[in-house]
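Just so we're clear, the structure is a prediction, and the values are computed from it rather than from any experiment.
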Amino acid sequence: MSTHLLKKGYEPKEVERRWYAYWEKEGLFSAEDISGKRPFSIVIPPPNVTGVLHMGHAHNNTLQDILCRYRRMQGYNVLWMPGTDHAGIATQNVVENELARQGKDRHNLGREEFVKRIWQWREEYGGLIIKQLKRIGASCDWDRERFTMDEGLSRAVKTVFVKLYEQGLIYRGDYIINWCPRCQTALSDLEVDHEDHNGHLYYVRYPFEDEEGGVVVATTRPETMLGDTAVAVNPSDDRYRGLEGKRVILPLMNRRIPIILDEYVDARFGTGALKITPAHDPHDFEIGERHGLASVKVIGGDGHMNEQAGRFQGQDRFECREEVLEALGEEGLLENTEPYQHSVGHCYRCRTTVDPYLSKQWFVKVKPLAEKAIAAVETGDTRIVPDTWTKTYFEWMNNIKDWCISRQIWWGHRIPGWTCEHCGELIVAMDPPTECSACKGSALVQETDVLDTWFSSALWPFSTMGWPEGTQTLKTFYPTSVLVTGFDILFFWVARMMMMGLHFMKDVPFRDVYIHALVRDAEGKKMSKSKGNVIDPLYVIDEYGADAFRFTLAALAAQGRDIKLSEDRIEGYRHFINKLWNAARFSLMHLSDFEPDQFRQDAQDLSLPDRWILSRLNGVVDNVINGLDQYKFNDAANALYQFVWHELCDWYLEIIKPVLYEPSGPIADPDKEAHKVPQSARYKTTQFVLWSVLNETLRLLHPFIPFVAEEIWDKLPGTEGSIMQAEFPSTDKTRDDREAEDAMKLLMGVVSGIRNIRGEMNVPPSLSVEAVVQSPDKGGRALIEQRRDMIVNLCRLKNIEVTAPGKRPASSATSVFGNCTIFFSLKGIIDFELEQGRLEKGVGKINKELEGVNKKLSNEDFLLKAPEEVVQKVREKREKLVKKRQKLQDQLSTVSQISSDG
RNA sequence: GGGCGGAUAGCUCAGUUGGGAGAGCAUCGGCCUUACAAGCCGGAGGUCACAGGUUCAAGCCCUGUUCCGCCUACCA
């Protein structure tokens, strides 16, 4: 493409739109099912189809995109599989709310019509989050986009269900589950959020049926007493000795219930007597099973008291609680009420308080599946990064309980189970059976429940690739290379994918699991709509550009620590994008006549700064590759930031300006002298190095900031096609140049020394001044001499003189770097007091350092026991410090003398 | 109750075999120097939470304490 100068300011909006469309049009995100390239695959954590992009998505997908773009450039055949999740309860809620606004509910419509409505809704709004993912630059293979309710994925779900059932790993039964009365469905244990709640502990007396007195029980949920079928005490509790078999009268209901003995009861808690409500408490249920107690359900699925609740029928459960307490009070049976903090479960979708509820549900027997999933991580077949999450994973897997997978909603995969109305036989099959397998009856009724959304998500890594067919996609891309996700769904999703993947694919679903942190607000609080502290990613993209945003997320993504995000941070990184843009603008201004194809580089032609920047570049390449390979995105991003800004821009570009501005000009060139390079060749070589460094830096940056990198790449001479297709840089040992780095260190130190004086002595840059550098080291002197123009230029000096140590120039300020003493002439303008203070400060600093060093060297144990090289190092340090201090003190005495002489 | 993580400059945080306390932002001083004032140059700023221990040597390893997060759990 043609070379143009860049616009003065970077305008992300237009650039982003243009390049994303180009990438899509050119099919640059496409994976190949058959390819000679090495495969690299990621499945996206499917966002809810109802969702809008939030910070979590932005972060998660930015990291995935960085990895995909990186691997693609490294020559991998990359598949980033995109898609969305049908999010059963959440989506149903959204559409139900819409109906409610029209004064309707789903029951008015009927199941079929309601589901149709949801599909319609999905058609209309379901693509939103996909569009938003494109805004941040996500390079998914969009042609392969999947949805958990698609036909193919539905078949996978059904297949898995039937197989697990046949293998005895899915069963149906009456158990206590978590019930959300608002969503009117069962929830798995994971879908319940526990929150501490300041409630009360109520002490209620249950009178004996045949004598005075009674047993006092303690409860936090008095309304459940209406369904009590026993009172239990610990068999070894002396207070209740001899009561077994006796009966008490259940207050308000006038039911006679037995006193039973059970080890479960904790004698130290409350009164040591436990009311038993098998239908509304998981432990009570178990105790009920053990003792053959009846279960009496008193709360209905809608959270209101049912017909078993006697006169309380029809009341809301919480209203009933108050009524029960009042009634008990009236009867004088409420012995005591005390404040009590306990945790209460809430529905993770709608925050409603859940009820333990006895009902017929479907479960997955997870223990056998979990064992394999544990082993896979133990053996390293799947690696969890950072490793600290491995422990959490094991912890949960080892204590896993059966998974309730049935949901009493309409939106989702309907359970492929049928019950014979005639004989009650349960039939589970892929297709609707025509007759009962037991009695040949034809009256078969399908289950109305649907499956937990996470059931289908658990199959995502292989269902999206076409399973149960043995597709080429699966052959090429399963197991996936890495899963990138937040720890909040480690159990919900990651663990379950592990179980299902191992069971059905006989191999782990991913080699690596990279667990990233959560994005929080600037104060570290979780972002939430109710707190009003959310930052909308789309607003950020509009305001600062997708690249600045992406780079911010990458730069802050330190392992094991949450990201505290504020607009200020993003603004800061926008400055970086702007810096890069301007550096490129500058470079392109000087590369318009450069033709890389025509240029032949002769290593001999490289100047010292050329060698230095190439050596440094090699270091960055190494840092970026290592960072990305280890999922240390922040390391990689920060290395690039440091290099671009503080090495390329601050030093290299400044150093080469004279050459670029005076291509054939009269500038004395040390390299010309040294290597007999003609000035025109020096110019060409400089162009070449500048071009190479920019070219390579852009390729390093592309995974992080794809848009601006592509835009500059496009304008850079000698580049063809998209930067996406360019090769990712690799380290080149021949570029490592210790010698050049050391030499530059000295020169830069001298420059910094001079600038330091200028700054501290308040000498404006416009004032051109002379400097003298004295050094006992011949080589150092030669180097400075050779590069005098660079120093003169960078420090805006009139002239610099390099000599062996000798007479100190009068009326000058001093700085010391290495064994160089720098004299900065201040004839006529020197402020002796200021200089004296400056020198004293320097001496003070050194003294402080020397203190520590001397302490070490006077410690015999240190000299005896520390490795020789360490001792040597400290000795050298002392020597250096002493010399430096001497120089400063010499100058100090000179200055004080002049100062006191007036 | 169990488990995990954190405490380093004013703020946000790096600091990977124990031997030089660092960055970004903010702040202060000086600069319109021909890519960039969204910039350039320079400065200041820290008992590495506390108390012990191991070691010649500890931000780093060990023990304990305090404070703050998070995950997990059925004591009614």
Determine: side-chain N/O of [X] to OP1/OP2 of [N], distance under 4.0 Å, yes or no.
X         : N      : result
Tyr340(A) : A76(B) : yes
His342(A) : C74(B) : no
Lys865(A) : U55(B) : no
His283(A) : A76(B) : no
Lys856(A) : G20(B) : yes
Lys579(A) : G39(B) : no

For a quick check of understanding: with a heavy-atom distance under 4.0 Å over all strands, which category does [X] fall into, base, sugar-phosphate or nothing?
X         : value
Tyr641(A) : sugar-phosphate
Pro867(A) : base
Lys841(A) : sugar-phosphate
Asn762(A) : sugar-phosphate

Taking 4.0 angstrom as the limit, do Lys841(A) and Glu760(A) come out as a salt bridge?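 Yes, charged N to carboxylate O under 4.0 Å.
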
Just name whichever nucleotide pairs with C13(B), Watson-Crick or G-U, keeping both distances under 3.5 Å, else none.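 Partner of C13(B): G22(B).
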
With rounding to the closest Å, how many angstrom separate the P atoms on U55(B) and C62(B)?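 Their P atoms lie roughly 16 Å apart.
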
Atom-pair distance (CG on Asn756(A); C1' on G30(B)), nearest Å: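 Nearest whole value for this atom pair: 13 Å.
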
